[in-house]
Amino acid sequence: MRIGELAERAGTTTRTLRYYESRGLLPARRSGNGYRTYDEDDLRLLEQIRTLQDFGFDLEETRPFVECLRSGHPAGDSCPASLDVYRRKLGELDALIGELTAVREQVGAQLVRAEAAIPGGPEPRCELTD
């Protein structure tokens with residue numbers, strides 16, 4: 001298939017595909033007339049990249065998964081390098097969850113303190129309904 005068809009089937013743009021090609025994530029095969037050509041394996045590579053990006057992986061983090069697919073592993077995430085990326089990403093997510101939990105606790109404490117500062121005071125006004 002040509003670049004336009006691959007872009008349409010993958011739900012992306014030809015510009016994105018050219019960028020992936022320049023980064024070495026998508027093969028740069030050309031037909032005799034100079035057109036880029038792709039196959040179903042390339043579509044599978046793009047689906048893997050897009051899924052990982054939807055999960056918050058940056059483009060470079062997808063490289064081990066692409067290489068795993070290219071080496072013949074059907075899922076793309078069963079190679080040691082892919083597993084390392086998963087582990088690293090889980091560590092990052094755990095750290096972010098910890099940070100968000102701490103911020104949530106601080107905001108909750110601020111709310112309790114603010115509510116306690118005006119016992120029996122006037123109800124807060126909502127300018128949208130007054």
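Everything numeric in this text was worked out from a predicted model, so none of it was measured.
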Side-chain (Glu115) to main-chain (Val112) donor-acceptor, under 3.5 angstrom: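 Here the side-chain-to-backbone pair does not exist.
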Minimum side-chain heavy-atom gap [X]-[Y] below 4.5 Å:
{"X": "Leu59", "Y": "Gln53", "value": "yes"}
{"X": "Cys79", "Y": "Pro64", "value": "no"}
{"X": "Arg104", "Y": "Val107", "value": "no"}
{"X": "Ile97", "Y": "Thr101", "value": "yes"}
{"X": "Tyr38", "Y": "Leu26", "value": "yes"}
{"X": "Ile3", "Y": "Tyr35", "value": "no"}
{"X": "Arg36", "Y": "Leu17", "value": "no"}

What are the two closest heavy atoms between [X] and [Y], and how far apart are they?
{"X": "Val66", "Y": "Leu25", "value": "CG1-O, 3.5 Å"}
{"X": "Ser31", "Y": "Thr37", "value": "CB-CG2, 3.6 Å"}
{"X": "Gly11", "Y": "Arg50", "value": "O-NH1, 3.2 Å"}
{"X": "Pro27", "Y": "Arg29", "value": "CG-NH1, 3.1 Å"}
{"X": "Arg23", "Y": "Arg63", "value": "O-NH2, 2.7 Å"}
{"X": "Ser82", "Y": "Asp77", "value": "CB-CA, 3.7 Å"}

Value rounded to 0.5 Å, distance of [atom1] in [X] from [atom2] in [Y]:
{"X": "Glu8", "Y": "Thr14", "atom1": "CD", "atom2": "OG1", "result": "11.5 Å"}
{"X": "Leu69", "Y": "His73", "atom1": "CG", "atom2": "NE2", "result": "9.5 Å"}
{"X": "Asp39", "Y": "Leu43", "atom1": "CG", "atom2": "CG", "result": "9.0 Å"}

Partner of Gln48 under side-chain contact (heavy atoms from CB on, under 4.5 Å), chosen from Thr51, Leu52, Leu45: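 Of Thr51, Leu52, Leu45, side-chain contact (heavy atoms from CB on, under 4.5 Å) with Gln48 is met by Leu52 alone.
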Within 6.0 Å of CZ in Arg15, more than 12 heavy atoms from elsewhere: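 12 or below, so no.
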NZ/NE/NH1/NH2 to OD/OE distance under 4.0 Å, [X] and [Y]:
{"X": "Glu40", "Y": "Arg9", "answer": "yes"}
{"X": "Arg2", "Y": "Glu5", "answer": "no"}
{"X": "Arg70", "Y": "Asp41", "answer": "no"}

Between [X] and [Y], is there a shared hydrophobic cluster once you connect ILVMFWY residues whose side-chain heavy atoms come closer than 4.5 Å?
{"X": "Phe57", "Y": "Leu83", "value": "yes"}
{"X": "Tyr86", "Y": "Ile49", "value": "no"}
{"X": "Leu46", "Y": "Phe65", "value": "no"}

Over-ring placement of Lys89 relative to Phe55, 6.0 Å and 45° cut-offs: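 Ring-cation test returns no.
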